[in-house]
Amino acid sequence: MSTGMKFPIQINQGTGRFALSSGKDSVRESIYLILMTQRTERFLRPDFGSDLMSYPFMDINSTTVNMMMRSLKEQIQSQEPRVRNVEISTDSEVRDGCLLINIDYEISELGDQDSLVFPFYLEMPAEEAYEPGEYEEEL
């Protein structure tokens, strides 16, 4: 199994070099990177990433969630060659504007099962929402 830079990028305090990851951590970070990168965002690799960030603008119902799960499964399998048997499921309900996406997969080289739970926020939490009067100067 190969070794690469840790994501998000970190500096190893002992050596002053970039921190590295390998094995299960590297695969998990790669899947996270696929989920967090919008397709066409990378100029030189426009097919890299997922279309996950387009779903907050859609009406979230069971059909939309099923389309999202199928799309994510295809995107992970096509972009991360180190995994197989990818299964995606979600929580049955949205809680506080967050849909939990469960990604189960097998690491091909190791034969190990692993999983990732990705919190997908459909709306901004109330405490972070912009209040127009909050930032305006008083006259």
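One distance of note links OG of Ser62 with CE of Met67; it measures 11.0 Å at 0.5 Å rounding. Between the CE atom in Met36 and the OG atom in Ser50 there is a gap of 9.0 Å [rounded to 0.5 Å]. Once rounded to the nearest 0.5 Å, the distance linking CD1 of Ile88 with CG of Leu72 reads 4.5 Å. How far NZ of Lys6 is from CD1 of Ile11: 13.0 Å, rounded to the nearest 0.5 Å. In this structure, the separation between CD1 on Ile76 and CG on Leu116 is 8.0 Å, given to the nearest 0.5 Å.
Judged as a side-chain hydrogen bond (donor to acceptor under 3.5 Å, both in side chains), and not counting sequence neighbours, Thr37 has no contacts. Listed by chain and number, the residues in a side-chain hydrogen bond (donor to acceptor under 3.5 Å, both in side chains) with Gln79 amount to none (sequence neighbours excluded). Annotation: side-chain hydrogen bond (donor to acceptor under 3.5 Å, both in side chains) contacts of Ser71 (sequence neighbours excluded): Asp51, Gln75. Listed by chain and number, the residues in a side-chain contact (heavy atoms from CB on, under 4.5 Å) with Asp112 are Lys24, Leu110 (sequence neighbours excluded). With sequence neighbours excluded, the residues forming a side-chain contact (heavy atoms from CB on, under 4.5 Å) with Asn12 are Thr15, listed by chain and number. With sequence neighbours left out, Glu87 forms a salt bridge (Lys or Arg N to Asp or Glu O under 4.0 Å) with Lys73. Residues passing the ring-ring contact (aromatic ring centres under 6.0 Å, His included) test with Phe120: none are found, sequence neighbours excluded.
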Result block: side-chain N/O donor-acceptor pairs under 3.5 angstrom for residues 98-107, not counting sequence neighbours:
from   : atom 1 : to     : atom 2 : distance (Å)
Tyr105 : OH     : Asp114 : OD2    : 3.3
Glu106 : OE1    : Asn85  : ND2    : 2.8
Glu106 : OE2    : Arg84  : NE     : 3.2
Glu106 : OE2    : Arg84  : NH2    : 2.6

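The nearest pair of heavy atoms linking Met69 to Thr90 is SD-CG2, 3.6 Å.
The backbone N or O of Ser26 sits nowhere less than 3.5 Å from a side-chain atom of Ser30 that would complete a donor-acceptor pair.
Pairs of residues two or more places apart, or lying in two chains, never qualify as salt bridge (Lys or Arg N to Asp or Glu O under 4.0 Å) while including a residue from residues 61-72. Note on residues 11-42: pairs passing ring pair (Phe, Tyr, Trp, His ring centres under 6.0 Å), not counting sequence neighbours, are Tyr32-Phe118. Sorted pairs that involve residues 31-45 and meet salt bridge (Lys or Arg N to Asp or Glu O under 4.0 Å), not counting sequence neighbours, are lacking altogether.
In this structure, Leu44 shares a hydrophobic cluster with Phe43, the cluster being traced through Ile, Leu, Val, Met, Phe, Trp and Tyr side chains under 4.5 angstrom apart.
Contact of the Ile31 side chain with the Val86 side chain is not registered, since no non-hydrogen atoms from C-beta on lie closer than 4.5 Å.
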Derivation and outcome, side chain to side chain contact (heavy atoms under 4.5 Å, CB included), residues Glu109 and Arg82: CA-CA 7 Å; Glu109 204 170 287; Arg82 298 176 290 179; 5.9 Å; no
